[in-house]
Amino acid sequence: MQKKNFYITTTLPYVNSKPHMGHALEFVQADVIARYQKLIGNDLFFNTGTDEHGQKIYEKAIDENKEPQAYCDEYAEKFKVILDKLNILKEIHFIRTTDIHHISATQTFWKLCEDNGDIYKKAYKIKYCVGCELEKTDSELVDGRCPIHPSFELREIEEENYFFKFSKYQEPLLSFYEKNPEFVVPDFRFNEIKRFVEGGLMDFSISRLKEKMPWGIPVPGDETQVMYVWFDALINYISTLGWPEDTENFLRFWGNKDTPNAIQIAGKDNLRQQSAMWQAMLLSAKLPTSKQVIIHGFITSEGQKMSKSAGNVVDPFEISEKFGTDALRYWLTREMNTFEDGDFTMEKFTDSYNGGLANGLGNLVSRIMKMASTNGVSITREMDFANDNEFEILRDHLSKYEIKRAADEIWKIIGELDKKIQETEPFRLVKTEPEKAKQIIGELVGEVWKIAYMTEPFLPETSEKIFRALKNPSEALTPLFPRI
RNA sequence: CGCGGGGGAGAGCGGUCCGGUUGCUCGUCAGGCUCAUAACCUGAAGGUCAUGGGUUCGAAUCCCAUCCCCGCAACCA
């Protein structure tokens, strides 16, 4: 099989809050795909990082009495810690939108769009709450008023901002979608964005007055303005590759216009930004588009949106500390519907842990390894992903990013093995026909090897433990997942 | 007429695109096994697949209408 270059990126979390379950979901989903690609022998560029500019960060920093940069440093660190905690591939690139190189790349990008006539200045009306002394977006308002200060009338202030000619890209985007029928996965999200673009596009504001909000990347050639955070943040997907200087790396992983290569994963709230706005920006800069955008759902808790006020926030850090990284990864990949919303409760979590991990995978490995060590049976076969047809089903699902379905296939095998042990009874047969029993146990050990191999993208730590046990069947195996 | 998702055994989900004995997980009940983490295997009970109409030999699935729940509605994973 020919080696390919594979690029995948998450969205960059905005550092206005610490890592939560939704971030964990996206990191783990991306990691499963990345690990799988690595396993089948492809060269990998895996990207994530932190989105650090903008008004909200600026305010938070002031609230916490910190310099914005110091505040961001602190939060970027928190995200690095959660990546580690989730056992995300160490080779992941971690870009920060305050990185010097990102800043210069963004300014270059801006100039490309500007040269193409897609950036212009226009008076822009903003709604301003005198109570908060802040600008408010329409989505923040309740009944047209600031929810915190409903007694104040909102003031309309006019300021000059730069705008991006999004409207110009309605037709180009639609024809691009037409030519790339798999551009957004799953298909119902693709329909959603098509309908949105068909409905007409409004140019969007891409800068802010520096004197009001200095925490942004300076607009080239205009000292009075900084870029609006969205414009800057999206560019990370290519600045992380060393664009614009490192054209070789860029072509290798981002691809060219005929064969775009970048896979992006994002939450459903990011559908527009990733699959329309960002693609229009790339078209404007005359750069290749992304290859595919994968959209996942949200995690609710007790059927409701997680929020501090509802008191139902589940901390991924705590869960993995308490039950293990792979227990959390298992839940995120197998219990969650890959493309839809899922609900997290402690009860569901422990049920799935006990069922799938303790009674399922853990117990199966225990019973087979015990028989193997008692009877001196060791591993007899080895396979690999790239060449073996045994993995075809898994391959089919993962090439479509059907993470849950791929995991389901593994657990189907686990169930069949439990059944096979019961039906062939090697533990009993060993007393009457030891050779035949050993042969069966040998087959079972081979199956455990296969499971360890297939499990690696999902549960890397467990996979490693099983491999270790397979090499030393005589060593006592501690339960992989004690019941909880 | 804004967009989208959903209504199904006690609970949670597949299945719906491309009509043809409702499938899975957990729970309950009965039996079996003893290699294993009170784990594992077999079987059973339990559903008018939201409602009303239509198409069809046949509808959870297609069409029309209605009711209810939940997100989003330009920058919140």
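Since the structure is predicted, the reported quantities are computational estimates derived from the model, not experimental observations. Reminder, nothing fancy here: chain letters follow the sequence lines and each chain counts from 1. Every heavy atom of this structure was used, including side-chain atoms; hydrogens, water molecules and symmetry mates were not.
Side chains of Gln439(A) and Glu435(A): a donor-acceptor N/O pair is absent below 3.5 angstrom, by distance only. Tyr401(A) and Gln292(A) are linked by a side-chain donor-acceptor pair at a separation below 3.5 angstrom, with hydrogens and angles left out of the test. No side-chain N or O of Asn270(A) forms a donor-acceptor pair with one of Thr11(A) less than 3.5 Å apart.
Ring pair Tyr71(A)/Tyr75(A): centre-to-centre distance below 6.0 Å. Checked against the 6.0 Å centroid criterion, the rings of Phe323(A) and Phe349(A) qualify as a close aromatic pair.
The minimum heavy-atom distance linking Leu480(A) with Ile466(A) is given by the pair CD1-CG1, 3.9 Å. In terms of heavy atoms, Thr333(A) sits closest to Val28(A) at CG2-CG1, 3.7 Å.
Distance CD (Glu340(A)) to P (A77(B)): 20 Å, rounded to an integer number of Å. If you measure from atom CG of Asp31(A) to atom C1' of A77(B), you get 16 Å, rounded to the nearest angstrom. Rounded to whole angstrom, the span from the CG atom of Leu201(A) across to the P atom of A74(B) amounts to 14 Å. Distance Ile295(A) CD1 to G5(B) P: 15 Å, rounded to the nearest Å.
If you find the closest nucleotide of RNA chain B to Pro13(A) and to Arg405(A), the one lying nearer the 5' end belongs to Arg405(A). Residue-to-nucleotide proximity on RNA chain B shows that, of Arg189(A) and Arg367(A), the 5′-proximal contact is made by Arg189(A).
Taking a cutoff of 4.0 Å between a charged side-chain nitrogen and a carboxylate oxygen, Glu447(A) and Lys420(A) do not qualify as a salt bridge. Checked for salt-bridge contact, Glu409(A) and Lys412(A) meet the test: a charged N lies under 4.0 Å from a carboxylate O. Taking 4.0 Å as the cut-off between side-chain N and carboxylate O, Asp396(A) and Arg405(A) do not count as a salt-bridged pair.
Just one of Leu417(A), Val365(A), Ile368(A) meets the side chain to side chain contact (heavy atoms under 4.5 Å, CB included) condition when paired with Ile451(A); it is Leu417(A).
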Protein and nucleotides 24-33 of chain B: nitrogen or oxygen contacts under 3.5 angstrom:
unit_1 : atom_1 : unit_2    : atom_2 : d
C33(B) : O3'    : Arg428(A) : NH2    : 3.2

Dump the pairs, protein N or O against N or O of nucleotides 9-13 of chain B, anything under 3.5 Å, distances to one decimal.
unit_1 : atom_1 : unit_2    : atom_2 : d
C13(B) : O3'    : Asn337(A) : ND2    : 3.3

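Distance check on atom C1': C64(B) versus G23(B) gives 30 Å, rounded to whole Å. Across C26(B) and U42(B), the matching P atoms stand 11 Å from one another, rounded to whole Å. Between the C1' atoms of U55(B) and G19(B), the separation comes to 11 Å (whole Å). For the P atoms, the distance from U48(B) to G4(B) is 31 Å, rounded to whole Å. Between A9(B) and G27(B), the two C1' atoms lie 12 Å apart (nearest whole Å). Rounded to whole Å, the P atom of U22(B) lies 14 Å from the corresponding atom of U61(B). A30(B) and C69(B): their C1' atoms are spaced 39 Å apart (whole Å). Comparing the same atom, P, in G2(B) and in C76(B) gives a spacing of 25 Å after rounding to whole Å.
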Margin query: Checking Ile235(A) against Trp278(A) for the side-chain contact (heavy atoms from CB on, under 4.5 Å) test, could you report, in this order, the C-alpha distance in whole Å, the side-chain angles of both residues, the deciding distance, and whether it holds?
Written below: CA-CA 8 Å; Ile235(A) 295 163; Trp278(A) 170 228; 4.0 Å; yes

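Of the listed nucleotides (G4(B), A36(B), A74(B)), A74(B) has the atom at the smallest distance from the side chain of Met202(A). Residue Glu192(A) has its side chain nearest to G4(B) when only G4(B), A77(B), U42(B) are considered. In this structure, of U37(B), G5(B), C35(B), it is G5(B) that holds the atom nearest to the side chain of Phe188(A). Here the nucleotide nearest the side chain of Phe196(A), chosen from A74(B), C40(B), G71(B), is A74(B). Closest to the Asn363(A) side chain, of the nucleotides C40(B), C35(B), A77(B), is C40(B).
Pairing analysis of RNA chain B (Watson-Crick: purine N1 to pyrimidine N3 plus N6-O4 or O6-N4; G-U wobble: N1-O2 and O6-N3; both under 3.5 Å) yields stems of 3 or more pairs at B:2-7 with B:67-72, B:10-13 with B:23-26, B:28-32 with B:40-44, B:50-54 with B:62-66.
Both stacking criteria are satisfied for Phe298(A) over the base of A77(B): a centre-to-centre distance under 5.5 angstrom and an angle between ring planes under 30 degrees.
Between the side chain of Ser399(A) and the main chain of Arg395(A), a donor-acceptor pair closer than 3.5 Å is present.
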